There are 2 protein chains.
Amino acid sequence: MATIHDVAHLAGVSKSLVSRYLNDQKGVSPESTLKIIAAIKELNYRPNGIARSLVLQKTHTIGIVVDDLCATFIFRLIEGLERGAEDFDVDEKYNIIFCNSNGDVQRKQRHLNFLMNGRVDGIVLYGSLVYDDTMIQQLVHSNFPLMLIENDIEGTDVNKVVIDNIGGAFMATEHLINLGHRRIAHIGGNMNLKITLDRMNGYVRALQRYNVPVDQSLIIFPDFSDVDEWKKRDEFMSQNLYFDRGYVEMKKLIEKNQVPEAIFFATDLSAFGAIKAMNEVGLRVPEDVSVIGFDDEFRAAGSFNCKPVTTMMQPLKQAGYVGIQKLVYSLGHPHAAKERILLNTELVVRESTCANKRLASAEQDTRV
Amino acid sequence: MATIHDVAHLAGVSKSLVSRYLNDQKGVSPESTLKIIAAIKELNYRPNGIARSLVLQKTHTIGIVVDDLCATFIFRLIEGLERGAEDFDVDEKYNIIFCNSNGDVQRKQRHLNFLMNGRVDGIVLYGSLVYDDTMIQQLVHSNFPLMLIENDIEGTDVNKVVIDNIGGAFMATEHLINLGHRRIAHIGGNMNLKITLDRMNGYVRALQRYNVPVDQSLIIFPDFSDVDEWKKRDEFMSQNLYFDRGYVEMKKLIEKNQVPEAIFFATDLSAFGAIKAMNEVGLRVPEDVSVIGFDDEFRAAGSFNCKPVTTMMQPLKQAGYVGIQKLVYSLGHPHAAKERILLNTELVVRESTCANKRLASAEQDTRV
DNA sequence: GTGCGACGTCATGGATGGTTGCCATGGACG
DNA sequence: CGTCCATGGCAACCATCCATGACGTCGCAC
């Protein structure tokens, strides 16, 4: 591989002059320019970014660490991140590189070390596993430029974009209550995720707010203890797992003859699974059971022959966009105050929720 | 940020001794070791990977460039790549970083330049757009360590893993022919992808091989000229596009009253869309129309309330695994011969194909 | 007892491929 | 003749690795 030294030698100038040419600095005569161009071409020279980063103490790169790059709604985050980076600096765009930990803590730590060893100027971390906390704390204390997305770790001064899961779950439950439902179940997600707890929290708060008694038997957390086993399968996708858990828990409710009037699911995927279980025994959605999900999985919109599902949309694209812009900004302004940016979810009403039968017939009564 | 120099200074030794300690080399006395450890801890020192890479001329990193990181079957590739890298070198695992071009050629070029400027030891490139050819050719000629996956560029000496799309399409069509179908349509994908042409090719060859006349009106290529417009949409996913195209083309066939006995789709997603269109008018799959797809989209297996679809499985995980292992191997053996590794697809029979009605009734006749 | 080589430990300094501040040169111009 | 500016070279620097050799100790053979 040719170096700047080779180019300078061939062109008959000093390497500092070649460097100036490469960086569009003035003070390079037309003749020198021509000679340098010819030399570069002949040697097929390309500047070594590593050496450049070393001396400039700047990589112009942001690393993204994600637990599950294959989660289907991640595409929104990715798109937001890339657009955000491109819009921030039109002249010299930041490079974005992804690392996928696949939920493996060791792999995640390895990726973080790798990136922090000078590979990138800043890191965006998406997701929040409960057992990650120590690692994240260390990360924060290392003072490395950081942006947490969907990880509302407490008691630390750090940039983060958080999505109001409690509020979203509140709104979802409120929506069901407003439709006249009272026996409302909640089928949660993996309890190792903080968002899972938040969503349950919002559910409970909504019930309390509207004086609906909280029935512990209607708060269901599927067993995720066999996750590691699932991961060893040849074709693991977390989505299949969530789908399966929704299906299994719904079957249980059916067998125990405890089907509620409405269900708030912590993830759309579990809702899909549950709908499948209900279809199998002739339960109709939403006529018999109203169903609301969370995430706005793109399938929720009704593609692929699934029933369009009412859900809470997460503004993940916006989160990526805002997050990376704030991060890049803070690279240029090291003393800028850290921020906690809160984004709200949005209720998307589709076809899986409707007014409660009791309410509907009561209304009819009054009309007649 | 503390440097090795600071550590050496604080520990009262030379920086080369610190370096020896860091690299587990012998020749560091116990006392020195203790002093160095203390200094590292006190300064919160972490070695600078950039400087390290510069002097070692080695980054221990592989870059992956993908056109569409969000395509749903990519997860197989990712898993294959990571497992392959981890299995190859257990002691010091290669780092893997992803770059997502999102089908944007400029972005792709930018990513490639970035990676080739010394950021990584080798590059894995997945996918093959027709208009990429010049770029890939240049890349190959640059002699940078490279592994192409699903890009069977011709006339070049380069490592690649290719999947036998022609053979797969042949088998898919053969499957339909064996079921007694004669009027078999083909609905293709985006003609900017080479695999699209290969799949059509295999379809035609199978028809010819079994003396089924090729009917040009049954070879349908949806219009993808508005892709760029779709991409500008807020929530673009290529999968929605393919679904839509299958739906639209199927509607056309229905309206023109030209519904065939069987259809071979270049992608499962288009098959899903077409099935939706058929459902809407009461056409049954497979009783009225047999449908076979390609890719083995994980939804094809019947999750999410879709009908389980017969399809050709792409061994993408294997492709990633084999590909990165060969690449890493060739980094250690610069003169190893380049290879073209061919992987075969596999027919997965599910519920969207069945014997032709004619055939079925004929069989019954003979039985009676 | 002495000379010599082996060995453990460590510092020095050059190398990796760039960038940049400073200074030298030389021609134009007032 | 003094000043200014365009041009371009020198050398230090970024953080690390490593080849070389210095230095002292020790064992062994003569």
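Computed from a predicted model, the values in this text were never measured in an experiment. Each chain gets a letter, A, B and so on, in the order the sequences are listed, and its residues count up from 1.
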Of the options C:dT12, C:dT20, D:dC13, whose atoms approach the side-chain atoms of B:Ser14 most closely?
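Given the options C:dT12, C:dT20, D:dC13, the side chain of B:Ser14 is closest to C:dT12.
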Any base atoms under 4.0 Å from A:Lys26, or only sugar-phosphate, or nothing? Heavy atoms, all strands.
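Contact class for A:Lys26: none.
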Applying a 4.0 Å non-hydrogen cut-off, can you work out what A:Leu54 is touching in the nucleic acid: base, sugar-phosphate, or nothing?
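The residue A:Leu54 makes base contact.
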Let me confirm one number: the CD1-CD distance from B:Ile50 to A:Gln57, rounded to the nearest 0.5 Å.
9.5 Å
Write down the distance between [atom1] ([X]) and [atom2] ([N]), rounded to a whole number of angstrom.
{"X": "B:Asn23", "N": "D:dC18", "atom1": "CG", "atom2": "P", "result": "6 Å"}
{"X": "B:Tyr21", "N": "D:dC18", "atom1": "OH", "atom2": "P", "result": "17 Å"}
{"X": "B:Arg52", "N": "D:dA15", "atom1": "CZ", "atom2": "C1'", "result": "12 Å"}
{"X": "A:Lys58", "N": "C:dT20", "atom1": "NZ", "atom2": "C1'", "result": "18 Å"}
{"X": "B:Ile4", "N": "C:dA11", "atom1": "CD1", "atom2": "P", "result": "12 Å"}
{"X": "A:Gln25", "N": "D:dG8", "atom1": "CD", "atom2": "P", "result": "14 Å"}
{"X": "A:His5", "N": "D:dA11", "atom1": "NE2", "atom2": "P", "result": "13 Å"}

Check this for me, if you would: do A:Glu86 and B:Arg110 make a salt bridge, where the nitrogen-to-carboxylate-oxygen distance has to be below 4.0 angstrom?
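Yes, A:Glu86 and B:Arg110 are salt-bridged.
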Please determine whether a side-chain nitrogen of the Lys or Arg among A:Lys58 and A:Asp121 lies less than 4.0 Å from a carboxylate oxygen of the Asp or Glu.
yes
Would you call [X] and [Y] a side-chain contact if the rule is heavy atoms closer than 4.5 Å?
{"X": "B:Val161", "Y": "B:Met147", "result": "yes"}
{"X": "B:Thr59", "Y": "B:Arg119", "result": "no"}
{"X": "A:Asn159", "Y": "A:Leu146", "result": "no"}

Any donor-acceptor pair under 3.5 Å between the side chain of A:Lys15 and the base of C:dG17?
no
Evaluate B:Leu148 against B:Tyr126 for side-chain contact (heavy atoms from CB on, under 4.5 Å), listing each step before the verdict.
CA-CA 6 Å; B:Leu148 302 180; B:Tyr126 172 75; over 6 Å; no
Near DNA chain C, under 4.0 Å by heavy atom, which residues of residues 28-50 of chain A?
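Result for residues 28-50 of chain A: A:Tyr45, A:Arg46, A:Pro47, A:Asn48, sorted by number.
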Could you go over nucleotides 21-28 of chain C and give all protein N or O partners under 3.5 Å, atom names and distances?
from: C:dG21; atom 1: O6; to: A:Arg20; atom 2: NH2; distance (Å): 3.3

On the nucleotide [N], are OP1 or OP2 found under 4.0 Å from the side-chain N or O atoms that [X] carries?
{"X": "A:Gln57", "N": "D:dA15", "result": "yes"}
{"X": "A:Thr3", "N": "C:dG17", "result": "no"}
{"X": "A:Ser19", "N": "C:dT19", "result": "yes"}

side-chain hydrogen bond (donor to acceptor under 3.5 Å, both in side chains): pairs with one or both residues in residues 29-38 of chain B, sequence neighbours excluded:
B:Ser29-B:Ser32
Between A:Leu54 and B:Ala51, what is the shortest heavy-atom contact and its length?
CD1-CB, 3.7 Å
